[in-house]
Amino acid sequence: MIQITLPDGKILEKPVGTTSMDIAKGISEGLARNVLAAKFNGQVIDASRPLNSNGTLELLTWDHSEGKSTFWHSSAHLMAEALETFFPGIKFGIGPPIENGFYYDVDPGDQPISSEDFKKIEDKMLELARQSSQFVRREVSKEEAFQYFTEKGDQYKLDLIKDLQDGTITFYSQGNFTDLCRGPHIPDTGSIKAVKLMSVAGAYWRGDEKSKQLTRIYGITFPKQKELTEYLTLLEEAKKRDHRKLGKELELFTFSEKVGMGLPLWLPKGAQLRDRLEQFLKKAQLKAGYLPVVTPHIGNKDLYVTSGHYEKYGADSFQPIRTPAEGEEFFLKPMNCPHHCEIYKSKPHSYKELPIRYAEFGTVYRYEQSGELHGLTRVRGFTQDDAHLFCRPDQVKDEFIKVIDLVLFVFRALDFKEFIAQVSLRDPENKTKYIGTDENWEKAERAIVEAAAERGLNTVVETGEAAFYGPKLDFMVKDALGRKWQLGTIQVDYNLPERFELEYTGADNQKHRPVMIHRAPFGSMERFIAVLIEHCAGNFPLWLSPEQVIILGISEKYNDYAHKVSEFLKNSDIRASVDERDEKIGKKIRDAEIRKVPYMLIVGEKEAAENTVSVRKHGQGDMGSMSFEKFSEMILDDVKARMSGN
RNA sequence: GCCGAUGUAGCUCAGUUGGCCAGAGCUACUGAUUUGUAAUCAGUGGGUCGGGGGUUCGAAUCCCUCCAUCGGCUCCA
């Protein structure tokens with residue numbers, strides 16, 4: 001007999017070889033129907049696997065993320081089975097579950113698969129699912145595995161088997177399809193009730209640019225049709241928030257082929273929004289002891305030879321500008337730090353001065369591969385809310401914490417509640433990728449981990465994701481379509497101070513090397529605004545809104561009064577304008593609502609006579625009337641409260 | 001950069017077996033109207049059908065090529 005401990009603490013005595021499914025059936029038929037897999041002693045396994053030792057057991061259903069993963073992984077197999085019926089000889093790479101659904105990388109040979117094939121594949125998947133074929137697990141020898149896929153002619157599977165250890169290889173079969181697979185899988189295909197293939201895309205075999213490119217088919221499945229419908233509705237909603245769409249509709253930014261791809265043009269309203277954000281952060285930074293500096297957009301090649309960036313990125317960046325007479329080479333600056341190092345070097349420093357914090361909204365230019373460009377989130381010219389902190393080694397952790405606090409202040413002011421802090425450490429297996437000593441790396445990594453812990457950040461650690469010069473802490477958020485983007489970043493750098501031979505004089509009258517911290521709470525203005533647009537669906541908070549108030553006259557007769565109100569508001573630093581058009585009030589309101597102007601003031605005969613305005617709030621409707629002085633006060637109070645981060 | 005898809009007026013989109021001067025709505029402009037909380041009416045203007053080349057009596061439509069955009073991959077100081 002073995003003892004099985006359930007999540008509620010209950011302990012069951014069961015014969016050796018009992019399966020999780022048996023246990024589920026013992027609890028309830030309903031549960032048994034919904035069990036997709038099981039987690040035994042922390043390992044996810046098939047519900048049909050016999051249990052042979054004591055342990056803790058959790059039955060996984062659709063409500064568990066691991067249950068979903070198993071469901072989607074099995075769905076990938078189901079799709080593969082369907083694909084094989086339409087594309088005989090098709091070869092398979094890998095087919096894992098992902099955050100939303102699954103994909104399978106396939107090589108269909110000379111019979112391309114396009115989205116036009118989706119319908120028939122989906123139908124076939126549903127047809128196969130209805131047969132409720134069981135997923136059957138089988139342990140095979142490496143030799144047998146080789147033999148099977150050699151006969152099938154699937155070189156990708158052979159490539160995978162090559163790296164597997166004999167004795168650990170398993171096959172899973174359902175219906176007429178057998179795949180090399182670690183598992184686990186759901187009991188049978190019958191629970192897959194709704195299927196939707198999302199897209200096809202190219203993907204390199206094993207993620208290697210030099211390998212053959214396979215066709216990746218993305219799909220998602222659900223145990224209920226209703227859930228698929230809901231998911232598709234959610235995607236539609238997300239599309240409406242896409243910053244590229246809203247950016248155009250709200251006239252925030254645009255691109256021009258003539259100017260060049262990936263080079264955003266900020267329209268007046270977008271520039272206004274951007275300026276509000278800059279002013280907000282500049283104010284906070286002044287309070288936190290930052291010193292504003294300004295540096296040029298280009299820098300001599302020598303600067304980047306010294307920094308080491310020339311060697312690493314020289315060939316893959318915009319090529320240098322040459323002076324006609326001297327033939328000197330200048331690069332568009334891809335980052336601000338080398339310039340700031342030279343500012344630091346402009347005079348000797350005492351340990352008493354540190355930390356020194358140079359801040360600059362610095363516009364930088366990076367050559368991004370053409371296929372990488374994406375709205376405002378991935379561009380070739382962008383402005384970093386950059387700053388470089390030069391401090392003593394004993395100040396690193398404190399400074400780090402202060403920066404975390406600043407980032408959190410910004411996020412709070414802008415109502416970003418969901419983000420994760422990613423700690424990026426170097427890959428210990430591949431230390432040659434990085435510059436700097438082991439000792440310095442360890443010190444820096446420890447400082448980051450401790451600082452993040454002290455501020456209670458929700459962190460994930462990513463090994464091998466560090467920059468080549470130091471570890472970093474990045475704040476990640478998701479866009480409307482669930483894609484993850486890095487916003488703020490804090491990076492420790494022991495490298496540049498070394499390369500630029502930065503120094504300060506210590507209390508011992510000896511020269512010491514400062515530590516540098518790069519940091520940008522927004523990251524880049526472009527990306528931050530992109531994410532902000534999606535975050536608030538274009539309904540910017542009042543204090544940021546490019547147009548805060550629009551005054552709408554009932555007819556042209558009241559335009560004079562409307563202008564009087566507008567002038568009064570503008571004199572109080574409220575961004576107000578008048579819709580002077582000869583349109584009916586309904587039309588003016590509709591247009592202002594579509595433009596997402598936070599406040600509409602409707603003025604007619606009654607208001608003009610009483611010196612009042614009729615207030616309509618965006619998305620909420622009529623709020624009644626008040627004197628325009630009172631309205632102005634209300635707006636200013638709101639703005640003031642928000643800008644201070646409450 | 002790679003794979004796949006897309007590209008018609010300022011915007012959103014019709015226009016598919018190649019065939020009269022390429023269409024609609026919104027926007028813009030002109031006029032009428034002077035309006036009370038999400039679209040007043042009428043008229044006018046606006047397009048090298050992404051660029052270039054080709055096939056054809058004839059191309060927005062078929063082919064080639066380049067460019068840009070979109071979805072991914074790879075990359076991201």
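Proteins come first, then strands; the chains are lettered A, B, ... in the order of their sequence lines, and each starts at number 1.
- Side-chain proximity of A201(A) to rG72(B), rA77(B), rG36(B): nearest is rG72(B).
- Straight-line distance between the P atoms of rU12(B) and rC70(B): roughly 13 Å, to the nearest whole Å.
- With rounding to whole Å, I490(A) atom CD1 is found 16 Å from rA77(B) atom P.
- Atom CD of E605(A) has 12 or fewer neighbouring heavy atoms from other residues, nucleotides or ligands inside a 6.0 Å radius.
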### Task
Dot-bracket for RNA chain B, please, read 5' to 3', with Watson-Crick or G-U wobble pairs under 3.5 Å on both distances, ( ) within the strand, [ ] crossing, | other strand, . unpaired.
(((((((..((((.....[...)))).(((((.......))))).....(((((..]....))))))))))))....
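- Using modelled atom types, one finds a donor on one side chain and an acceptor on the other under 3.5 Å when comparing D107(A) with Y156(A).
- Within the 4.0 angstrom heavy-atom criterion, only backbone atoms of the sugar-phosphate kind lie near R216(A); the bases stay farther away.
- Taking every side-chain heavy atom of I589(A) into account, rU37(B) is the closest of rU37(B), rC75(B), rA39(B).
- Here the side chain of E368(A) is nearest to one of rC76(B), rU12(B), rA38(B), namely rC76(B).
- Taking atom C1' on both rG19(B) and rA59(B), the two are 10 Å apart, rounded to the nearest angstrom.
- Between rC73(B) and rU27(B), the two P atoms lie 40 Å apart (nearest whole Å).
- In summary, the aromatic rings of F631(A) and Y599(A) are positioned with their centroids under 6.0 Å apart.
- Residue K245(A) has no polar side-chain atom (N or O) positioned under 4.0 Å from OP1 or OP2 of rU12(B).
- When the nucleotides rC73(B), rA77(B), rG71(B) are ranked by their closest atom to the side chain of M335(A), rA77(B) comes out on top.
- The phosphate of rU27(B) (OP1 or OP2) has a side-chain N or O of K587(A) nearer than 4.0 angstrom.
- Applying the 5.5 angstrom centroid cut-off and the 30 degree plane-angle cut-off, the aromatic ring of Y218(A) is not stacked upon the base of rG72(B).
- At the heavy-atom level, E116(A) lies nowhere under 4.0 Å from the strands shown.
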Check the interface with nucleotides 29-34 of chain B: list each N/O to N/O pair with the protein under 3.5 Å, or write none.
from	atom 1	to	atom 2	distance (Å)
rU33(B)	N3	D582(A)	OD1	3.4
rU33(B)	N3	D582(A)	OD2	2.6
rU33(B)	O4	D582(A)	OD2	2.1
rU34(B)	O2	S555(A)	OG	3.3
rU34(B)	O2	E556(A)	N	3.2
rU34(B)	N3	E556(A)	OE1	3.2
rU34(B)	O4	E556(A)	OE1	2.9

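- Only the C1' atoms considered, rA60(B) is 11 Å distant from rG47(B), to the nearest whole Å.
- Annotation: rU48(B) and rA42(B) have their P atoms spaced 28 Å apart (nearest Å).
- You'll find the ring centres of Y358(A) and F390(A) inside the 6.0 Å limit.
- In this structure, Q486(A) reaches neither bases nor backbone, as no heavy-atom distance under 4.0 Å exists between it and the strands shown.
- Of the candidate nucleotides rU40(B), rG1(B), rG36(B), rG1(B) has the atom lying nearest to any side-chain atom of Q369(A).
- rC62(B) sits 16 Å from rC20(B) when the P atoms are compared, rounded to a whole Å.
- For rC76(B), neither phosphate oxygen OP1 nor OP2 lies less than 4.0 angstrom from any side-chain nitrogen or oxygen of H374(A).
- Of the C1' atoms belonging to rG10(B) and rC29(B), the separation is 14 Å, rounded to the nearest Å.
- Residue contacts shown for G207(A) are limited to sugar-phosphate atoms, with no base heavy atom under 4.0 Å away.
- Looking at residues two or more places apart in sequence or on another chain, you find a side-chain hydrogen bond (donor to acceptor under 3.5 Å, both in side chains) between R357(A) and E399(A).
- A cation-pi arrangement, defined by a distance under 6.0 Å to the six-membered ring centre and an angle within 45 degrees of its axis, is present between K120(A) and F86(A).
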### Task
Summarise protein proximity over nucleotides 60-69 of chain B in one line of letters, 5' to 3': B for base, S for sugar-phosphate only, - for none, counting protein heavy atoms closer than 4.0 Å.
-------SSS
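- In this structure, of rC11(B), rA77(B), rG1(B), it is rC11(B) that holds the atom nearest to the side chain of K248(A).
- Between H518(A) and H388(A), the ring planes are perpendicular. Angles over 60° get that label, and only those under 30° would be called parallel.
- Among the atoms of the strands shown, none is found under 4.0 Å from any heavy atom of K312(A).
- Residue pairs satisfying the ring-ring contact (aromatic ring centres under 6.0 Å, His included) criterion with at least one member in residues 237-260 of chain A, sequence neighbours excluded, are absent.
- Aromatic rings from Y434(A) and Y469(A) are positioned such that their centres are separated by 6.0 Å or more.
- Between rA5(B) and rG25(B), the two P atoms lie 34 Å apart (nearest whole Å).
- Atom CD of E610(A) has more than 12 neighbouring heavy atoms from other residues, nucleotides or ligands inside a 6.0 Å radius.
- Rounded to whole Å, atom P of rU12(B) lies 14 Å from atom NZ of K239(A).
- The salt bridge (charged side-chain N to carboxylate O under 4.0 Å, His left out) check on D208(A) picks up nothing, with sequence neighbours excluded.
- Summarising the geometry, the separation between CZ on R590(A) and C1' on rU40(B) is reported as 14 Å, rounded to the nearest angstrom.
- Neither OP1 nor OP2 of rC2(B) sits under 4.0 Å from any side-chain N or O of Y204(A).
- Using cut-offs of 30° and 60° on the angle between ring planes, the pair Y231(A) and F222(A) is tilted.
- Using a 30° and 60° split on the angle between ring planes, Y365(A) and H297(A) fall in the tilted class, from 30° to 60°.
- At a cut-off of 3.5 angstrom, counting only N and O atoms as typed in the model, there is a donor on one side and an acceptor on the other between the side-chain of R378(A) and the base of rC76(B).
- Aromatic ring centres of H77(A) and W72(A): separated by at least 6.0 Å.
- Using a 4.0 Å heavy-atom distance criterion, E583(A) is classed as a base contact.
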